[in-house]
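Below you'll find the structure, written out as structure tokens, and then a few comments.
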There are 2 protein chains.
Amino acid sequence: MSDKKDSKPCHHCQSRSASLPADTTTVHYEKFWLYRHCSSVEQSHRQAQKAGQLFSGLLAMNVVFLGSAFISSMIFNRVAITLADVWILLSVLKVLCVFWVIYYLMGTSRKPHAILYRDSHAGPIWVRGSVLLFGSCSILLNVFEIGYSTILVRCKSNVEIMFPVIAILFIGTQIYFLWHHSKDCIQVQHNFTRCGLMVAIATNLLEWLLSVTNDSLHMEMESQLREVEQRFIGKAPSSHPHWCNETAMCVCPNTTICRVFQEGYILLYPFNTEYSLVCSSMLYVMWKNVGRTISHHHSLEKRPKFKLKGVLFGPVLGTSAVIIGACVFMMYQIQAATLDPSRQVLVIYFTYYIVLLPLMSVCAVVGTLIHALEKKELDTVQNPTRSLDAVLLMGAALGQIGMSYFSIVALIASNRRDLLNRLALAYSVLIIIQNITQNVFVIDGLHRRHVEKEEDSKEVQNCEACRQRRMSVLELGQEIRKVSLSYIHTYSHLTWKRRVLREISFFLVLSNIILWIMPTFGSHPLFENGMERSFYGYSTWFVIVNFGLPLSVFYRMHSIGGLLEVYVTA
Amino acid sequence: MSDKKDSKPCHHCQSRSASLPADTTTVHYEKFWLYRHCSSVEQSHRQAQKAGQLFSGLLAMNVVFLGSAFISSMIFNRVAITLADVWILLSVLKVLCVFWVIYYLMGTSRKPHAILYRDSHAGPIWVRGSVLLFGSCSILLNVFEIGYSTILVRCKSNVEIMFPVIAILFIGTQIYFLWHHSKDCIQVQHNFTRCGLMVAIATNLLEWLLSVTNDSLHMEMESQLREVEQRFIGKAPSSHPHWCNETAMCVCPNTTICRVFQEGYILLYPFNTEYSLVCSSMLYVMWKNVGRTISHHHSLEKRPKFKLKGVLFGPVLGTSAVIIGACVFMMYQIQAATLDPSRQVLVIYFTYYIVLLPLMSVCAVVGTLIHALEKKELDTVQNPTRSLDAVLLMGAALGQIGMSYFSIVALIASNRRDLLNRLALAYSVLIIIQNITQNVFVIDGLHRRHVEKEEDSKEVQNCEACRQRRMSVLELGQEIRKVSLSYIHTYSHLTWKRRVLREISFFLVLSNIILWIMPTFGSHPLFENGMERSFYGYSTWFVIVNFGLPLSVFYRMHSIGGLLEVYVTA
């Protein structure tokens, strides 16, 4: 009886061991002092993993809640909790993170057998590239902030120059860390690494929350810019009861450098928000990968390469969309620089979207239909990276969809019936439809890709097997004819659908690229047309837009990644 | 070759068919016009299920976003979107829901083979009971609102009486529906039912959001109550710039009935919030169960019965906690009725919590340690009901924890160092610790329960098998001695740990009951002590408390359910 029991491990271990690699000698299994009575090393490893994830998750939750309470207190009671208090809290967290990252680079990752596996799906080049881009912009933003504070040093405390310095240090370290280590599946010091990663995630989330809600510097600068403007025109400055005490002493001197700092700050602000979001998602993937062992088969899995072959309409249509979009964007930017975007340029901007978005929606719907027509089956096997992709796509779309609904309600309720209002309304409705249809298409596509490859190879194997079995001189001719006929039939049948899928996904990739560029580099018509801003009030609409816009930029980025996968595997 | 292919279905179908019942002839498999090319009926059924869930989920998402935008617009721009507009939207949704529920009761559920299975885990009696309780209170609340509006009919529009009538109709229908049909796994008209359920969920969520954020009626009543009071004292009414125009005409006449309506409204308000939350979670489970087929084995699974045996300290300690708590609660309520809760009663209230919470935390930690010491393994098989339980526990705890962090920041920042402040601070910190430790204990316990039962029966079977095999006259004596010794050893070893686990979970059940009763029936010291309220401002703290309190009541309710499971299966 006992023999029988030993030879048959429990089903947990069985299911686990299937995904374990052969060279288990070098793997550091996790241990946890609570779980010493487990039947097997692997079982104890899994329980320790769960416990470690739970505790580091609780740590992050508490840090995030504490920080959120700080930030909310600052918003609702500016006397008791000041922006400086929030900055002190964030700086402490950032310094902690920097120390942990240095320890990770110097200590943890250099231990023997520390990094046995690397997750090939984690941190693809376009994500790391955007971390580099957004991070560099964030560093520049902080440099501008230092410059601005230095000029106005009389009315700013000295401590305020310290915070951007710490921020620059933090951003720089994090870029280096994510660039080189985002694929790591670390196998030593599991719990310490998890806690470090979770503190870093919490810090990035709090940084995001602060930049979403804190409009104080914007308000200050906007009122100053307006004043300077009016001084140029010759009018008396309009009364700003909130700022009039400070502006007497703290007004930006009328030098070019100060204006550059101000406008650069406003231009670069969205990048910082974006940077925190992207870092959080990458750190989360790293956290999921702590202690993960990847089977040999999986780690060697080759991803199909990107080939530009057999597509024509997609690239042509997409490229023209990009070129027209770039022209609209430049017109918009030139106009926006004059601080008074005319109605005309807003009309052109909205019209461009109103033409492009229905086209994209129709393409996505057609793509979904073709997916459904194909005889492929849904791949419902668990796949953490893909699940995260789908959740991120859906979650990021919520930002854009929510912003559109807010805009729709404001536009309908304000009840003005001019052309611009109608265009803005159509724009918001179409954005919602486009987001939803595209999400359905991409997620559907992601769930199909792997199965097909398997089926292809299976079919080839089957043919091989049946050939060997039935081979005889007489049947050979018939057999070859049958096989090749069915092959040609399948191929011609597939290529039609595949070609359309590739055209569609290529077009969508290019369209998403231009829709990504426009808000990223500074066109925010929803903020600048002023209708919703006057409806909800400056602060509220600032929060809504600052919440929605980075998510929508993030959404476009992720869509491009997802659509490329669909293209490559179609 | 083709024979071989037919006889070996793909692994998706295999894994599915394991959970399918034998009598498949009466099951209505779902179909979806998009997926006609599937290899099997079951595969097409699964794809149709996914598609139906996706589309009904998207419908709900859009309704929720539209409603949220309406409610936010009302908050930030009371001129363009009024409360009446929001009520019209909600009433339309409620009428739709009522029609759908009537159709479900009359049409869908009476079709042949409509309800073949019932989910035994869904809608346990304590959840349905709380729906009945909270729903009745909500109906009463709406009756009070009608009465209040009737008295002040001069300054209220007639439409305002319509809304509570529709609300009463909606609540009544929903109570009946959830009481009788919450266990249904409906097998016909899948997509229509999913959409109906999702609209109902969205309506409940919007109702919750509105009651969390809409403090207008509270403000109106509070200012009136204060005025009436001051008129009694003989002072001139203090100036309320916001309300002074309306109060001239719309003040509640000084009759008993009007005061009853006002105070009843304020007392019953939290129940309505709670009701929407509980309904949403029940409807969500029903939505998950649409089209679900439950295997015969699973549906007949008997749950262990509740037995009060072998526990002593837990009930004694718990009962004394309940009795003391009830006394504190009554003292608090009597004082609170005078509209000026004295410091003394707040001190007693906080002291009670400060004694009870550490005791509960220690018990939960000890329980977790004992769980870890046991040789049971974690049950990591997928179980949707249990996953939902764990997510709801964690999610509901967030409300309480968030509120505590807000309170902590306010108390520290306001920097007053009297006894009451320190007590409130200790209370908030202890609440966080207690929530976290209890969650870890309950979730750990829920993940262990099923395995043990299986192991017990397996051991008995194994013994039986080995006995029959090795049975011989000589070995019989030795065998019996060996088996009984090991049995006694196991039993005595188990009972010690089991007894402690049962004591702990029994104590925690009783403590959670009293902690559930106190906030549910009206003690809100965090709102009434006034410290946080003056720190964040009335409206903000109203939102925070109205967001956190119903979640914390919901959390206690769910903890009691979870702890009872742990007790019964320990």
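Values reported hereafter were calculated over all heavy atoms of this structure, with side chains retained and with hydrogens, waters and symmetry mates removed. All chains are named by letter (A, B, ...) in the order of the sequence lines, taking the proteins before the strands, and each is independently numbered beginning at 1.
Interface remark: B:Ile412 contributes no atoms to any contact with chain A (heavy atom separation under 4.5 Å). For A:Ile544, no part lies near chain B; criterion is any non-hydrogen pair under 4.5 Å. For chain A, the nearby part of B:Ser68 is the backbone; its heavy atoms alone come within less than 4.5 Å. Residue B:Thr540 touches chain A through its side chain alone, counting heavy-atom pairs closer than 4.5 Å.
Nearest heavy-atom pair across A:Met74 and A:Thr82 is CG-C, 4.0 Å. For A:Ile433 against A:Ser361, the heavy-atom pair with the smallest separation is CG2-OG, 4.0 Å. In plain terms, the two heavy atoms of B:Ser73 and B:Ile81 that are nearest each other are CB-CG1, 3.8 Å. A:Phe441 approaches A:His371 most closely through the heavy-atom pair CE1-CE1, 3.7 Å. Nearest heavy-atom pair across B:Ala410 and B:Phe535 is CB-CD2, 3.5 Å. In terms of heavy-atom proximity, A:Asn439 sits nearest to A:Leu393 at ND2-O, 3.7 Å.
B:Leu369 CG to B:Asp444 CG: the interatomic distance, rounded to the nearest 0.5 Å, is 10.0 Å. Taking CD1 from B:Ile431 and CD1 from B:Ile436, the interatomic distance works out to 11.5 Å, rounded to the nearest 0.5 Å.
The candidate with the highest count of non-hydrogen atom pairs below 4.5 Å against chain A, out of B:Phe406, B:Phe70, B:Tyr405, is B:Tyr405.
Using a 4.5 Å heavy-atom cut-off against chain B, the contacting residues of residues 56-66 of chain A are A:Leu58, A:Met61, A:Asn62, A:Phe65, A:Leu66.
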